[in-house]
Each structure stands twice: as structure tokens, then as C-alpha cells.
J.: 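I have a structure here, written as C-alpha cells, and I will follow up with some questions on it.
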4 protein chains.
Amino acid sequence: MADAVADPPRRGRPRSEKARESILHAAAELLLTRGLGAVSMDEIAEHAGVSKATIYRWWGTKELLALDALYYEWTEPTVDPPDTGSLRGDLLALLRPWARVVRTRPYATVIGTFITKAHTDPVFATEYVDRLVNPRRERARTVFERAIGRGELPAGVNVDVALDLLYGALYHRLLHGHARITDRFVTDVVDMTLHGAAGSTHR
Amino acid sequence: MADAVADPPRRGRPRSEKARESILHAAAELLLTRGLGAVSMDEIAEHAGVSKATIYRWWGTKELLALDALYYEWTEPTVDPPDTGSLRGDLLALLRPWARVVRTRPYATVIGTFITKAHTDPVFATEYVDRLVNPRRERARTVFERAIGRGELPAGVNVDVALDLLYGALYHRLLHGHARITDRFVTDVVDMTLHGAAGSTHR
Amino acid sequence: MADAVADPPRRGRPRSEKARESILHAAAELLLTRGLGAVSMDEIAEHAGVSKATIYRWWGTKELLALDALYYEWTEPTVDPPDTGSLRGDLLALLRPWARVVRTRPYATVIGTFITKAHTDPVFATEYVDRLVNPRRERARTVFERAIGRGELPAGVNVDVALDLLYGALYHRLLHGHARITDRFVTDVVDMTLHGAAGSTHR
Amino acid sequence: MADAVADPPRRGRPRSEKARESILHAAAELLLTRGLGAVSMDEIAEHAGVSKATIYRWWGTKELLALDALYYEWTEPTVDPPDTGSLRGDLLALLRPWARVVRTRPYATVIGTFITKAHTDPVFATEYVDRLVNPRRERARTVFERAIGRGELPAGVNVDVALDLLYGALYHRLLHGHARITDRFVTDVVDMTLHGAAGSTHR
DNA sequence: CGGTAATCGAGACGGTACGTCATGTCTTACA
DNA sequence: TGTAAGACATGACGTACCGTCTCGATTACCG
């Protein structure tokens, strides 16, 4: 990786780390309060105490800035998918913290904008998937593969569909907001995904 | 129904049905081609051969017009959820046409905008859920209740979670676009939702 | 005059005299309060308790309506130019009532619009001159010709220039509003026009 | 003068002088061709090769822009009121160039709009009087005071009324357009103002 | 007395300009 | 070279007004 190599000393004034942080912080704050569409770049610049040109020097569009801002804001406490000994335990350990973070702030508004943007701008789509979508999905995939290794699941199980069921159900409530994403709901989703509707009765 | 009562004769020039239809048609056409954000009201007005003021007289915002346009465009051929004799058959009969329609045109772009708007405007949220979300969800719920009546599922089954699994998975692929919504995928989602990951092996 | 001939009995519903009067009254009232540009036809129609179509049936444009409205509002008490025995007396008898009327209400705002409109619309220009400008100018001309007959002025006097001096000075203050049109000012204008600046000292 | 002091270096991108000039030029050109009411801001912007927002940044309303445009367009060659030795000569030297300029282009249309606007907007009224009306009036006043100093006129002469007679007559023909403002007319107006109708016979 | 014809109130409509706002670029001077 | 300040082009926004139109209801006369 280029980053690992010792950087050649840059010419001219170095980038202001203070500016970078205050931009990301101001952007995240405003975005999660009023949504991407209701916040202007001038406003973000003013809140960050920064010139608009400085923002555009480092982020090409408003959406890319928003993506970066959300990436640094939306950090879950867990680092590695913990090995609890069972697939069910691993999934709950993975998804419950996600649900808790998602409950604290209105992420859905911004994510809707991301989805829209991703469907009309391939560059943004790549960036969005690489930073916000795939990492979480891959950690869940690891958990499934570990379970297969344990013999909890047959090798032929369709992991992709299982992942879409799990994250699909969670995102569905997040985006459409027709019901809250309680810890109980996370448990129900995991159980029904693992054992099916027929095998998991209510209450 | 109040509508069945003879309408009192309207005063003034009646609303132009021709204008209404050409507006909705032009809006749907442009929306599904380029997405809500890339289409201007001036453009819709011009394509519809109509004044912009006429549009704003009947639809308060661009989003409400888009919702109405999509509502009339996105009509599935099926009228009643067909009774195929089994829950699995009923669900496939319901979801496969949905998947086919969704594949024909880029609905995802517009739905992303709807979700964003719904999270910042309660009036729009109600309208969106009432017209595009709930009707389909309720038809699927009917199918589940029929299965309980048949004894295919125990009475205590958590239908809400099952619905979120089914539609969640489909919407997930629709919105994030990480994989295509093939008929095979619909089958897999139905099977895994009914019998669980453990009970449904790949291939 | 065609109007003097006995009208052939009209077919259909006759024109509503009540509507005509309330339109002119409402128009005059609003015009003199806020000026032509700040009053809309919808507003006039509403104030008059009348449909907008009814207005446009009888007056082609907003300006023509305004002209008519002002014509009926701006009626001076005097009918014929009185013969006071001297040119000075006749002119004062003519111009002082004009000045008094003009002081009561803000005619200038509307007249400015008339002038602008007249310079871009020949039809309106004719109408404006025939109804609001020429009648007053011709009455003053009569007074001058009477004075020539009396021998007060030589026959070769340039009446047109004299009229422009008199009405020009009055309209100048009316339109530019840099000073009030007092009775004293009217007297000064008449005296200086008759005897010149050199022959009329201040105070 | 404050302007003579060295300006503190301005922050940010400096105002484009080129844009300012092309705006004023385009506005003057269009205004004098078709009148204020028939020219749109979009059109001015397009002709000037400039954004509409740039215009609104520097001029609050269309009328203020028009006033500025006319101010720079309507510049008379004479700088100081020339001293010809007699009041009559001075006035002719002052008014004949004015008449010539006024004949070349249709100023009347725009001035009518200014008058209307001035009667409903005090801020504009001040601006209008300060820039287009008073300067010319004050130069004529200087001429009159010089004549009093020479002993051509008695000290008690009412200069204000004389100015209203002179400019009133000229503006009257300009605005109402009932006759042309020939050089001969200017002479007649000056002579009748100085010596009165009785003292100046036609031809 | 019933038909014919013009008027009226109500209000929808096409067209056009308005003045505002936001994005992203550019141009200065300063650090 | 990076940054603050802020002017700029572009283009959509939603509003307002003008003058036209299309209805049903009204009010005269004419046969």
C-alpha cells in the first residue's frame, strides 16, 4: 500500500487537520439533524469555520462529503466479530449493537439520499458500497462461514440469501420506519432466518 | 360511500382530465428514465404540454406528483392474491410478478427519494405508506392468514417479522442493487423464510 | 353620434349596470390607493363582487379599465370655462380647481403608468389623450382665444407654448413631487407665464 | 475625500468590472429600445453574458438597475454650465443639448416607469431625484443666480417657479408626446418664460 | 309560454416573469 | 501549496399575474 511507504515531504503549506475534522464534524451534525437535502454547503462551511473552497478541494460533491462524515460518525464499538460459540450468538452479537446505534440518530434520511445518488452515479455507488455496506456484510459472512466450519450449517447453505434476509429486514424497518428496530425484533429476525417461519412461533 | 351520492353540480370551469393524465404520464416517463432529482418541474410541464402553475395547483410538491405518477404507472396485473392451495405457491404468485415489474424499469432511484422525503415530511410519509407500501404488504398478510387457517402454520407465528423478511430482502436488493432480483432469488427468499437457513440448502 | 340614434333593441340579457359601476368604483379605489402595478385584476374583480371575465368583456386591458375608472373619478366641479373678464382670472378659475382635486388623491402614480403605456401602445395613447389630456387643454385654449378676441393678447401669440408652460409646470410638480401644488404656486405659474420671469418678482 | 485614502486591500474575489459594465450597457440598450416593462431580467442577463444572480447581487430591483443604466447612458457632453454673457444664451446652451439627446432615443417610456416607481417607493424616489433630476435642475439654478448677480434679473425673482416652467414644459412634451421638442420649441419656452406670453409674439 | 341569445359568477388554464436559493468554480490576498 | 473570503455561472425553485377559456345559471326578448 502506498500509505505504508514513507511519504515524500510535501511542498507548500500542509493540509490543515483541524479544518478536516471540523468539516466532518459539522457535516455529520447537520446531516443527522435535518437531512442532506435541507443542509447547504455554505451552511456546513460556516458551521465548520471554513471556506467552501476548502471543502470542495478535498471532497468532490456534497454526497461524498456526507458519506465520509457518516463513515466517521457511524462507528460501532465492536471491532471484530466475536466468537460466542454459536451462530445465533454470533449474529446477535453483531446485529444488536448495529440496531442500538441506528436507534440513536436518524440515519435513515441520509441513507435514502445515498441510495438515490448511488443509482445515478456509479462512482458514488462504488464508494458507498465499499465504505458503508460491504464491511458490515462481510463481517456477517465471516460468521456464517465459521458456523459452516463448526458444522452448525451444511456447506451448501445459500449465505447470500441469508444475508439479504437478515440485513434486508433490518434495513426495511430502518428505511420505511413502519415499526421500531427493538432488540426483540433483531432476535426474531435471526431466529426466523435460521429456522424459518414454521419453526419459530410468536411469544 | 359518499361518492355514490349525486355530486352537487360543480361551479366554474371543470378540471381538465386531459391535462391531469398527460401530467401524470409525462412525470412517470421522465421519473423512471432519469430519477426525481434530475427532472425539473418545468420539464414535466413542457412534456405534458401544460403550464407549471397547473401542476402546482393540484400537487403541492414534486414528490407528491411523483408518488401519484408512480401509483398509476406501477399497477400490477394481479387483482386478488390468488389461492394456489399452499402458502409457498401463494407467496410465489404474489412476489414473482412484483419482481418482474421491478426489473423492467429503474424504480429504485425514485423510491430512494420517497424514503428520504418520508423521513422529513410526515404528510408525505402517510401518503407514501398508504399508497405504495401498505397495499402490497396487506395482500401478503392475507396470504399468511389463509395459511394459518389451513393449518400450514401455527396460529402463533409472527407474521410481521415474516413480512419484513420477505419484503426486506427484496427491497434490499432493489435499493442497494448488489445483485439482481431473479425469479430464482424470489424462490430462495420464500423458501428460506418458511424453513430457515438450516433447512434450505443451496442448489 | 351613433349613441344618439335610438338603439335597436338588443337581444339576450342586457349588460348589468350595477356590475359596471361597482367595477369602476373598485378599480378607482384600489388604483388611487396602491397604484396600478400593485393591484391585480383578480383583486379588482373580488372587490367589485364580479367575475374577472365580466371585466375583460368590457375592457380589453388593465390599463384601459384604469383609464376609464380615473375618468369617472377625476371629474372637476366646473363644467364650462367661466368668463371672469380677464385672462388671468379665467386661467386661475380653470387651474385652481384642478390643483385642488389633484391634491386630494395620489393621481400621479397612475398617470405615470398611463404615460409609459401610451408610449408603447398607440391605441391606448389615443384613448388617453382623448379622455384625460385634450379636454382640459382645449378648455384652456378657449380661454386664450377669448383673451385674444378681447385684445388682451396680440393675435400672433404662441398659444401652444403657453399651454405647455402652464400645464407643464403643474404636471411637473405632480409627477416629480419635488414640491406641493399650492394655490400660490398656481398663481405664480399663471403670472410668470403671462408676464415673464423679469416682470414678476417674488413676494 | 475618503476615496483618496489608500483602500484597505479587499478580501475575497473582487467584483468583476467587466460584468458590471456589460450589465449596464445591455440594460440601457434594451430599455431604450423596448421600455422597462417589456424587458425581462433574464433577457438582460443573457444579453450581458452574465448570471441573473449577479445582477440581483448588486441591484435590488429592475428599476434601480434601469436608473443606473440610464445614468451612465444619459451623459451630456457639457460639463459646466457655460457663461455666454446673457441669461437667455446660458439657458439655450443648457437646454438645447438636453433636447437633442432626448430626441435621439425614447427616454420617455423609461422615465414614466421611474415616476410611477418613485411614487410608491421612497428609497427609489430619493435615488431618482438625486441622480437624474436634481443635477440638471441645479445647473439651471446656477445660471439664474449668475443672471441675478449680473443685474439681468431682480434679486426677488422666483427661481423655483421659473425652473418648473422651463423643465415642466420640456418634460410635458417629452412625456405626453403631443408635439416634438424642436430647437425652436426650446427657444420659445425660454423666451416666454423670460418675457411672458404677452411679450413674445409668434413668428 | 317556451325558445334563443347574450350576460354573469366561478374558477381552471397556458404563458411568462419574478426574485430566491444552492451547487460547484474561480479569483484574489494572505499564511 | 493551502486557506478564507466571496464573486460568479448555471439552473431549478415555487409564486404571482395576465388574459383566455369553459362550465352552469340567469335574464331578457321574441315568436
Side-chain angles (χ1 to χ4, degrees), chain A residues 10-16 18-20 37-43 45-46 48-63, chain B residues 8-16 18-20 37-43 45-46 48-58 60-62, chain C residues 8-16 18-19 37-43 45-46 48-63, chain D residues 8-16 18-20 37-43 45-46 49-58 60-62:
Chain A
R10 303 248 174 227
R11 318 232 330 160
R13 177 175 175 173
R15 173 172 186 185
S16 160
K18 206 179 101 194
R20 182 179 155 278
V39 174
S40 73
M41 291 298 259
D42 289 81
E43 208 173 353
E46 196 179 358
V50 142
S51 154
K52 211 168 43 155
T54 303
I55 301 183
Y56 277 106
R57 165 171 289 279
W58 303 107
W59 294 274
T61 66
K62 186 159 86 153
E63 286 82 11
Chain B
R10 304 249 173 233
R11 322 241 313 173
R13 178 175 175 173
R15 175 172 185 185
S16 159
K18 205 179 104 192
R20 184 180 152 276
V39 174
S40 72
M41 290 298 255
D42 289 81
E43 208 172 353
E46 197 178 358
V50 142
S51 152
K52 204 168 44 154
T54 301
I55 301 183
Y56 278 107
R57 174 182 294 274
W58 301 108
T61 66
K62 189 157 76 157
Chain C
R10 304 245 173 231
R11 319 236 327 160
R13 177 175 176 174
R15 173 173 187 186
S16 160
K18 204 178 104 194
V39 174
S40 72
M41 290 299 259
D42 289 81
E43 207 173 352
E46 196 179 357
V50 141
S51 155
K52 211 169 38 153
T54 302
I55 301 184
Y56 277 105
R57 164 169 286 280
W58 303 107
W59 293 274
T61 66
K62 187 159 84 151
E63 287 81 11
Chain D
R10 305 250 173 231
R11 323 239 315 172
R13 176 175 177 174
R15 174 173 184 184
S16 161
K18 204 178 105 193
R20 184 180 152 277
V39 174
S40 72
M41 291 299 256
D42 289 80
E43 208 174 351
E46 196 178 357
V50 142
S51 148
K52 203 168 46 154
T54 302
I55 301 184
Y56 278 106
R57 174 182 295 273
W58 301 107
T61 66
K62 190 158 73 157

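In what follows, chains carry the letters A, B, and so on, assigned in the order in which the sequence lines appear, proteins first and then strands, with residues in each chain numbered from 1.
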J.: Using a heavy-atom distance cut-off of less than 4.0 Å, which residues of residues 48-55 of chain A contact DNA chain F?
T.: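 Here the set is A/Gly49, A/Val50, A/Ser51, A/Ala53, A/Thr54.
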J.: Provide the closest heavy-atom pair for B/Ser51 versus B/Ala45 in the form atom of the first, atom of the second, distance.
T.: C-CB, 4.2 Å
J.: Determine the contact category for D/Asp42: base if any of its heavy atoms lies under 4.0 Å from a base atom, sugar-phosphate if only primed atoms, P, OP1 or OP2 are that close, otherwise nothing.
T.: sugar-phosphate
J.: With a non-hydrogen cut-off below 4.0 angstrom, is D/Trp58 in contact with a base, only sugar-phosphate, or nothing?
T.: sugar-phosphate
J.: Using atom CZ of B/Arg15 as one end and atom C1' of E/dA10 as the other, report the distance to the nearest whole Å.
T.: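 It works out to 17 Å between those atoms.
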J.: Separation of B/Glu46 atom CD from F/dG11 atom P, in whole Å?
T.: 14 Å
J.: Not counting sequence neighbours, which residues clear side chain to side chain donor-acceptor pair (under 3.5 Å) with A/Glu43? List them please.
T.: A/Arg34
J.: Give a yes/no verdict on a cation-pi contact between A/Arg20 and A/Trp58, requiring under 6.0 Å between NZ or CZ and the six-membered ring centre and an angle within 45° of the axis.
T.: no
J.: F/dA9 C1' sits how many Å from D/Arg57 CZ, rounded?
T.: 12 Å
J.: Measure across B/Ala19 and B/Ser16 and return the closest heavy-atom pair with its distance rounded to 0.1 Å.
T.: N-OG, 2.9 Å
J.: On DNA chain E, nearest-nucleotide positions of B/Pro14 versus D/Gly12: which is more 5'?
T.: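 Result: B/Pro14.
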J.: Go nucleotide by nucleotide along DNA chain F from the 5' end; which of A/Ser16 and B/Ser40 gets its closest nucleotide reached first?
T.: A/Ser16
J.: Tell me the interatomic distance from A/Met41, atom CE, to F/dA4, atom C1', rounded to whole angstroms.
T.: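 Between C1' of F/dA4 and CE of A/Met41: 16 Å.
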J.: Would you compute the distance between atom OG1 of A/Thr61 and atom OH of A/Tyr56 and round it to the nearest 0.5 angstrom?
T.: 8.0 Å
J.: F/dC21 base to B/Arg13 side chain: any donor-acceptor pair below 3.5 Å?
T.: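 Looking at the base of F/dC21, it does pair with a donor or acceptor on the side chain of B/Arg13 (distance under 3.5 Å).
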J.: Roughly, in whole Å, what's the span from CZ in B/Arg11 to P in E/dC8?
T.: 15 Å
J.: Atom OG in B/Ser40, atom NZ in B/Lys52: separation rounded to 0.5 Å?
T.: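 Reported to 0.5 Å precision, the distance equals 8.0 Å.
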J.: Work out which heavy atom in C/Lys62 is nearest to a heavy atom in C/Val39; give both atom names and the distance.
T.: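 Distance-wise, the nearest heavy atoms are NZ-O, 2.7 Å.
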J.: Quick one: the dot-bracket string of DNA chain F, using Watson-Crick and G-U wobble pairs with both distances under 3.5 Å, [ ] for crossing pairs and | for bases paired to another strand.
T.: |||||||||||||||||||||||||||||||
J.: Using whole Å, report how far CD of C/Glu43 lies from P of E/dA10.
T.: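 For the pair C/Glu43 CD and E/dA10 P, the rounded distance is 16 Å.
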J.: When you measure from the side chain of A/Lys62, which nucleotide among F/dA4, F/dG19, E/dA22 comes out closest?
T.: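 Nearest nucleotide to the side chain: E/dA22.
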J.: In whole Å, what is the span from the CZ atom of D/Arg20 to the P atom of F/dC8?
T.: 11 Å
